[in-house]
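Worksheet: one structure, shown below.
Order of the sequence lines fixes the chain letters, A, B, ..., with proteins taken first and strands second; residue numbering starts at 1 for each chain.
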Amino acid sequence: MDRLRTRWIIFSGLAIVVIVSYLITIKFKTAPSPATLKAYKYLDTLPEKSVVIFSFDHEASSLPEIQPIALAMLRHAFKNDLKIVGLSLFAEGTAIGYDLLSKTAREYDRQYGSDYIFLGFKPQYISAILGMGESIKRVFPEDYLGNMTDTMPIMLGIDSYDNIEMVVSIADGDRTVQWVEYAGARYNQKVMAGLTAAMITSYDPYLSSEQLYAVVGGLRGAAEYENLLDKRGGGSRGMLAQSAAHLYILALVIVGNIIYFRNRRRRGGE
Amino acid sequence: MAVSAAASDGNVETGSWLNIDTLPTLIFSLISLLIVLYAIWSVKSGRKFTIREIPGLKAVDEAVGRATEMGSSILYTPGWGGDIQRPTTIASMNILSSVATRTAEYDCRLIYPTHDPVIMAVAQEVVKESSIKAGHPERYRADDIFYISSSQFGYAAAVDGIISREKPASIFLLGTFEAESLILAETGNSIGSIQIAGTDSTIQLAFFIVACDYTLIGEELFAASGYLSGNESILSSVKAQDIIKILISLFIIVAMIWATIDPSSTWWVF
Amino acid sequence: MDIGILVAGILTLAVFSFLYKDNPVYKAAESWLIGLSVGYALVIFWQTTIIDLLLVPLFSEGRLILIIPFLLGLMMFSRFSKKTSWLSRIPIALMIGAGAGVAIPAMLYARTLKQMSASVMPIIENGSLNIEAPVVALGVISTLAYFYFSREHKGVMGSTARLGTYFLMIFFGATFGYTVMSRMSTFIGRVDFLLTDFLHLIK
Amino acid sequence: MRTKIPLVVCLAFGVIMFAQYFSNHTIARAVYNNILEWWQIIFAFTLFVGVAAFIKNNLKSISLGKKDTPYKIVSLIGLALMPLLAIIGGTRIGSPFLWSFENMLAPMQATVFSLLAFFVASASFRGFRARTVSATILLLTALIVLIGRIPLAEMISESLPKTTFWIQSYPSMAARRAILIGIGLGSMTTALRVILGIERTYLRGE
C-alpha cells in the first residue's frame with residue numbers, strides 16, 4: 001500500500017509539473033548543438049531544386065517527439081525550394097509521413113508531383129534501400145496515391161541515389177543505421193537523421209566517423225532547429241516543460257539516493 | 001573507379017566483375033572468414049577453451065543459495081521483446097537450464113512468467129530436463145512456468161504484481177527487454193531482491209545497471225550462455241571475435257602512432 | 001468538437017488510466033490497439049508488396065519468374081500443418097541466407113573497418129596535444145578488452161578492462177540521460193494534444 | 001531431405017549475396033535485383049502467416065472461454081476493421097481507414113509510450129542508486145546530460161552544454177564504438193555460421 005502511495009505521489013507530481021509548465025509561455029534562446037547546426041547549414045546552402053529524400057522510419061508511438069523535428073526540417077526544405085521525395089520504411093510511418101509532408105507543402109504552396117512526392121512504404125527495408133540504389137522507380141512503381149511513379153514530373157530526372165543529394169531519415173530506432181550501412185556504404189549516399197533523444201548516443205560513432213552527416217536529436221534538437229529557422233513550433237513550445245521535467249527527475253534521483261545512504265548508514269551503525 | 005577500368009576494356013555496359021572500391025572489405029572479409037574457420041576447427045578438435053570469469057554468472061549460486069536459505073523463491077523472466085528465434089532468448093534459455101539445475105538440487109521454487117506461449121513451452125522443456133539432470137524430476141512444477149499476456153504493459157503489470165506478492169529473494173531478468181525493464185527492475189529493487197539482469201539493448205542496459213546487482217552487458221550474455229551450455233558453435237564465435245578484437249586494437253595503436261609521426265599518410269582510411 | 005479529436009482524446013485518457021492501476025478500460029483500449037495495428041500492417045503489406053511487386057508485374061506485365069517467390073511465399077503457410085511444416089523452412093532459409101550474405105560485407109565495412117579508421121587521430125597535431133585522440137583510442141581499446149573473453153581479467157588485462165567499464169558507464173549514463181529526455185518529450189507531446197486540441201486550454 | 005534442402009538454399013543464396021557485394025557486373029546486378037524482390041515478397045507472406053497465427057491463437061483462447069475472452073474479441077474486431085475499411089473506402093487521404101489510423105491507432109500508440117515518463121520518474125526515486133563505482137559514474141553522467149541539454153544550462157554557464165557534448169562525442173562515443181565493433185563481429189560470425197549450416201536454430205521451432 002505504502003509502495004503504491006509513493007508511486008501515485010510521484011506520478012501526480014510529474015503530471016502537475018509538466019502540465020503547469022506547459023501552460024506557461026516563456027521564450028527561450030536555445031543555442032544549437034554542433035550536429036543541429038551542421039544539418040541546418042547543409043539544407044540551407046543546397047541549391048534550389050536539389051532533391052532530398054525524407055524517409056519516415058518510425059512508429060506512431062514516437063510521433064510526439066518526431067513530429068516537431070520533421071516539421072522543422074520539412075519547412076526548411078520547402079522554404080528553400082528543394083524537391084522532396086518522401087517515403088517510409090515503417091508501416092506506421094506511412095500515413096504520418098504523408099500527412100506531415102502535405103501539411104508543410106500547403107504552407108509553402110508547393111505542388112504534389114512536381115515539388116514533392118510521397119512514394120509510400122516498403123517492407124523489408126534492407127532490400128528496399130539497396131534496390132533504390134539501382135532504381136527508385138523499380139522499388140516504387142506506384143506512389144502513395146496510386147500514380148505511376150515514372151509519369152510524375154518530379155521523377156523525370158530521378159533514377160537512383162546518383163540524383164539524390166541527401167537522405168534525411170526521421171527515426172526512432174536503428175533504421176538510420178541501415179541507411180548508413182547499405183545506402184551510404186554501398187552507394188556513397190549522404191545520410192543525415194532526425195532522431196528521438198533516446199537514440200542520439202547510439203549514433204555518435206557514425207556521426208564521428210562521418211558516415212552519418214548530421215543529427216537533429218529530440219525535442220531539444222527541434223527547438224534548436226526552429227530557432228535557426230526563426231519559426232516557433234512544437235520544440236520551442238515544449239522546452240519549459242522539458243526543463244521542468246528534467247529538474248523534477250533530478251530532484252527525485254537526489255532525494256532517493258539521500259534516503260538510501262541514510263538508511264544504509266543507519267543499518268551499518270546497528 | 002571500377003566502371004572507368006571497365007570502360008577502357010571497351011565494355012561499359014557490362015561493368016567489371018570485381019569492384020576495386022570494395023577490395024579492402026573483401027580482404028578483411030576473407031581474413032575474418034579464415035579466423036572463424038580456424039576457431040570452429042580448433043573448438044571442434046577439442047582444444048580446451050576457457051572463458052573469463054563473469055561476475056553475474058558467479059552470482060547465480062549465491063542467488064539460488066540465498067533464496068533457499070530464506071525459504072523464498074526465484075523469479076526468472078526473458079522479457080517482453082523477444083520471440084524464440086532471437087539470439088538473446090536462446091542465450092537466456094541456456095542460462096535458465098543451469099539455474100533450473102541448481103534450483104532443483106536445492107529444492108527452491110522457480111517462477112517463470114512469459115509473454116509468449118512458445119517460449120513458455122520451450123522453457124517448460126528446459127526446466128524439466130534440468131530437474132531430471134539434477135536427479136529430482138519430482139521437483140519440476142509445470143504450473144510455475146506460465147504464459148501471462150502478449151501485451152507489453154499487461155505483462156509488466158502482471159510480473160510486477162507477482163514480484164510484490166511473492167517477494168522472490170532473487171530475480172533473473174535475462175533476455176530481450178524493452179520499456180518494461182524499468183518497471184520490473186524498480187519493483188525488484190524496492191523489495192530488496194538480488195537482481196541479475198542481462199540484455200543486448202543499450203537503453204535498457206542503462207536502467208538495469210543502476211537498479212540491479214549484476215548486469216550481463218550485451219556480448220557477455222552470449223558468452224555466458226556459451227560457457228554454461230558448452231555449445232561449440234557459440235564458443236567458436238567467441239574465440240574468433242576475440243582474435244579479431246586483438247587485431248583491431250593493434251591496428252588502432254599502430255595507425256595512431258603512424259598518424260602522429262607522419263600526418264600526411266592515410267593508409268588506415270578505408 | 002471534431003469527432004476524431006474526441007475519439008483520440010477518450011482513447012488517450014483510457015490508456016492513461018493504467019497509471020492508477022491495471023484496469024478493464026486500459027485492457028480494452030490496449031486490445032483494441034493491438035488489433036488495429038495488426039490490421040493496419042496487413043493492409044499496407046498487401047498493397048505495397050503483394051499488389052505492387054507481385055500481382056501487377058506477374059499478371060499484367062507477364063514477368064513469369066515471379067512465380068518462384070510466389071510459391072515460396074505460399075510455402076510459409078505449410079507451418080500450420082505438422083506434416084508439411086518443413087516446407088516453410090525453404091523460404092525462411094532463402095531469407096536468412098540472403099540476409100546473412102548481405103550482412104557480412106556490410107557489417108564488416110560499416111561497423112568495423114570504418115569505425116576502426118575513424119578511431120585513428122594524430123596525438124600531436126600542428127605542435128599541440130590533441131587530447132581527444134588518446135581518449136577515443138583508449139576508450140575503444142579498453143572497452144574491447146572488457147568484451148575479451150578468452151583470458152581472465154587480471155594484471156594489465158584486468159586494469160584495461162576495468163577502465164573499459166568506466167567508459168561503458170559513461171556511455172550508458174549519457175544514453176540514460178537522453179532516454180529520460182525522450183520519455184519526457186513523448187509525455188509533453190500528449191499533454192500538448194490534450195491541452196490544445198482536446199480541451200482547447202491553449203490556443 | 002527436410003534439412004538438406006533448406007541448408008543448400010541458405011548456402012546458395014548466402015554465397016551469391018556475399019559475392020555480389022564485390023561486383024559491378026551487369027549479370028551480378030540483375031541476379032541481385034531479382035533476389036531483392038523475392039526477398040520482399042516472401043517477407044510479406046511471413047507477415048500474413050503471423051497474422052493467421054494471431055487469429056488462430058485468439059480464436060483458440062476464445063473457444064476455451066478464458067477470462068480474457070472479451071479482450072480477445074476486441075482485438076479481433078480491431079484486426080478485421082482495418083482491412084474492411086480499406087476495402088470499402090480505400091486507403092487514400094480522407095478515407096475511414098486513414099481516419100482510424102490517425103484518430104485511434106496513432107494517439108493510443110503514442111500515449112502507451114508516454115506512460116514510460118511516469119515509470120522513469122518512479123524508478124528515479126526508488127531504483128536509481130549510486131551503489132557501486134560504476135553506478136555512480138553512470139548516474140553522474142546522466143545528470144550532467146539532463147542538465148546540460150536544457151536551456152537553463154546555458155544561463156548557468158556556457159561550459160555546461162560544452163561539457164555535455166564533449167562527453168557525448170569522445171568517451172561515450174568511444175565505448176559505443178567498441179560495442180558497435182563487437183556487434184558487427186558478432187553478426188558477422190553468426191552470419192557465417194548460418195551460411196555454412198553450423199548454426200541451425202532457425203530450422204527448429206515448428
Of all heavy-atom pairs between A:Pro141 and C:Asp52, which one has the smallest distance, and what is that distance?
-> CG-O, 4.0 Å

Which bit of A:Thr25 comes within less than 4.5 Å of chain C, counting heavy atoms only: side chain, backbone, both or neither?
-> neither

So which heavy atom on C:Thr175 is nearest to which on A:Ala198, and how close?
-> CG2-O, 4.4 Å

What is the distance from atom CD1 of A:Ile10 to atom CG of C:Leu19, rounded to the nearest 0.5 Å?
-> 12.5 Å

Please look at A:Tyr248 and chain C and tell me whether the side chain, the backbone, both or neither of the residue comes under 4.5 angstrom of a heavy atom of that chain.
-> neither

Distance-only side-chain donor-acceptor flag, A:Glu92 / C:Ser37, under 3.5 Å = no

Counting only N and O atoms by type, is there a donor-acceptor contact under 3.5 Å from the side chain of A:Gln211 to the main-chain atoms of C:Lys114?
-> no

Between chain A and each of C:Leu195, C:Val180, C:Asp192, count heavy-atom pairs under 4.5 Å; write down the option with the most.
-> C:Asp192

Should we count CZ of A:Arg138 as having more than 12 external heavy atoms under 6.0 Å?
-> yes

Side chain, backbone, both or neither: which part of A:Val139 has a heavy atom under 4.5 Å from chain C?
-> backbone

Does some side-chain heavy atom of C:Met181 sit less than 4.5 Å from a side-chain heavy atom of A:Ile200?
-> no

Using non-hydrogen atoms and a 4.5 Å limit, figure out which bit of A:Leu63 sits close to chain C: side chain, backbone, both or neither.
-> neither

Can you list the residues that meet the side chain to side chain contact (heavy atoms under 4.5 Å, CB included) rule with A:Ala95, with sequence neighbours excluded?
-> A:Tyr144, C:Tyr40, D:Leu98, D:Phe101

Step through the shown structure and confirm whether more than 12 heavy atoms of other residues, nucleotides or ligands are within 6.0 Å of NZ on C:Lys21.
-> no

Quick one: does A:Trp8's side chain get under 4.5 Å of C:Tyr20's, heavy atoms only?
-> yes

Above 12 or not: heavy atoms from other molecules or residues under 6.0 Å from CD of C:Glu152?
-> yes

Looking only at heavy atoms, which two atoms of C:Ser182 and A:Ala197 are closest? And how far apart?
-> OG-N, 3.5 Å

Output yes when a side-chain donor or acceptor of A:Lys122 lies under 3.5 Å from a complementary backbone atom of C:Thr48, and no otherwise.
-> yes

Any side-chain heavy-atom pair from A:Tyr182 and C:Val102 closer than 4.5 angstrom?
-> yes

Would a 4.5 Å heavy-atom cut-off, applied to side chains only, mark A:Tyr22 and C:Ile202 as touching?
-> yes

Counting only heavy atoms closer than 4.5 Å, note whether A:Ser62 contacts chain C via side chain, backbone, both or neither.
-> neither

About how many Å separate OG of A:Ser208 and CD of C:Glu132, when rounded to the nearest 0.5 Å?
-> 11.0 Å

Filtered by a 4.5 Å non-hydrogen cutoff, the part of residues 2-18 of chain C contacting chain A is none

Write down the atom of A:Pro64, the atom of C:Gly189, and the distance for their closest heavy-atom approach.
-> CB-CA, 3.6 Å

If you count heavy-atom pairs under 4.5 Å with chain A, which of C:Val43, C:Val56, C:Val191 comes out on top?
-> C:Val191

Interatomic distance, C:Ile170 atom CD1 to A:Thr201 atom OG1 [nearest 0.5 angstrom] | 13.0 Å

Below 4.5 Å from any heavy atom of chain C, which atoms of A:Arg7 appear? Answer side chain, backbone, both or neither.
-> neither

Can you find a pair of side-chain heavy atoms, one from A:Arg220 and one from C:Tyr178, that are under 4.5 Å apart?
-> no

When every non-hydrogen atom of C:Met184 is compared with those of A:Ile249, the smallest separation belongs to CE-CD1, 3.5 Å

What closest approach, in Å, do A:Ala91 and C:Ile44 show between heavy atoms, and which atom pair accounts for it?
-> CB-CG2, 4.3 Å

Against chain A, label C:Leu53 side chain, backbone, both or neither, depending on which of its atoms sit under 4.5 Å from a heavy atom there.
-> side chain

Got A:Glu181 and C:Tyr109 here, is their nearest side-chain heavy-atom distance under 4.5 Å?
-> no

Checked A:Pro205, A:Gly218, A:Pro68 vs chain C; the most non-hydrogen pairs under 4.5 Å come from A:Pro205

